[in-house]
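Here the structure is laid out as structure tokens; the discussion comes afterwards.
The analysis underlying the following values was restricted to heavy atoms, covering all of them including side chains, and did not include hydrogens, waters or symmetry mates.
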Amino acid sequence: SSSAETIEVTIEANSSGSGNVYVIDGTQKKSLTLNVGTTYTFNHSSSHPLRFSTTDDGTHGGGDEYTEGVTKSSGVTTIEVTSSTPTTLYYYCDVHSGMGADITIN
């Protein structure tokens with residue numbers, strides 16, 4: 001059976017560096033664990049579009065955007081986690097470097 005979860009993502013000035021960072025559950029650049037069989041909806045600022053990659057910091061880190069099972073609209077990014085989802089992903093901002101962190105797929 002599949003389930004769904006919503007994750008609220010806010011933006012703060014980086015407490016240990018420059019620029020802005022994503023904040024989830026009150027933690028800056030929080031490491032996330034996502035479960036296979038669950039669809040996650042990330043609500044975020046439309047000016048800081050959240051994306052996924054198999055590379056740390058995504059396109060800013062020389063990687064590519066991961067799009068399998070991902071749906072994007074303004075201020076909302078949804079990922080359907082399946083058994084074929086890579087075991088390690090990273091979330092990052094499409095516009096600004098250094099905002100995200102790692103994701104472990106369970």
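Residue Asn43 is tested with Thr78, Thr10, Val76 for a side chain to side chain contact (heavy atoms under 4.5 Å, CB included); the sole match is Val76.
A donor-acceptor pair under 3.5 Å is absent between the side-chain atoms of His48 and the main chain of His96, judged by distance alone. A distance-only check finds a donor-acceptor pair linking the side chain of Lys29 to the backbone of Gly98 [under 3.5 Å]. Looking only at distances, no side-chain donor or acceptor of Tyr66 sits under 3.5 Å from a matching main-chain atom of Tyr90. A distance-only check finds a donor-acceptor pair linking the side chain of Gln28 to the backbone of Ser15 [under 3.5 Å]. The closest donor-acceptor contact from the side chain of Ser53 to the backbone of Asp64 lies under 3.5 Å.
Taking 4.5 Å as the limit, some side-chain heavy atom of Pro49 sits within range of a side-chain heavy atom of Val95.
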Please lay out, stage by stage, how Asn35 and Asn106 fare under the test side chain to side chain contact (heavy atoms under 4.5 Å, CB included). CA-CA 5 Å; Asn35 299 313; Asn106 229 344; 3.2 Å; yes
Checking ring pair (Phe, Tyr, Trp, His ring centres under 6.0 Å) for the pair Phe52/Phe42: CA distance, chi angles, key distance, verdict? CA-CA 11 Å; Phe52 304 101; Phe42 291 82; 5.5 Å; yes
Under the criterion side chain to side chain contact (heavy atoms under 4.5 Å, CB included), I'd like the reasoning laid out for Tyr92 against Thr55: C-alpha separation, chi angles, the key distance, then a yes or no. CA-CA 10 Å; Tyr92 70 99; Thr55 302; over 6 Å; no
Report the C-alpha separation of Asp56 and Asp102 in whole Å, then their side-chain angles, then the decisive distance to 0.1 Å, and conclude whether the side chain to side chain contact (heavy atoms under 4.5 Å, CB included) test is met. CA-CA 7 Å; Asp56 190 9; Asp102 58 295; over 6 Å; no
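Note that CD1 of Ile79 is 11.5 Å distant from CZ of Arg51, once rounded to the nearest 0.5 Å. Here the CD atom belonging to Glu68 is positioned 6.5 Å from the OG1 atom belonging to Thr85, to the nearest 0.5 angstrom. Within the model, atoms NE2 of His60 and CG of Asp94 stand 6.5 Å from one another, a figure rounded to the nearest 0.5 Å. Interatomic distance, Leu89 CG to Leu32 CG, rounded to the nearest 0.5 Å: 10.5 Å. Note that OG of Ser46 is 8.5 Å distant from NE2 of His44, once rounded to the nearest 0.5 Å. Rounded to the nearest 0.5 angstrom, Asn14 CG and Met99 CE are separated by 9.5 Å.
Hydrophobic clustering of Ile, Leu, Val, Met, Phe, Trp and Tyr side chains at less than 4.5 Å, counting indirect connections, unites Leu34 with Ile24. Note on Val9: it does not cluster hydrophobically with Val21, by side-chain heavy-atom contacts below 4.5 Å among ILVMFWY residues. No continuous path of ILVMFWY side-chain contacts below 4.5 Å connects Ile7 to Val23, so the two sit in separate hydrophobic clusters.
Listed here is the closest heavy atom pair of Ser45 and Ile11: CB-CG1, 4.2 Å.
Proximity of the aromatic rings of Tyr91 and Tyr40 is defined here by a centroid distance below 6.0 angstrom, and this criterion is not met.
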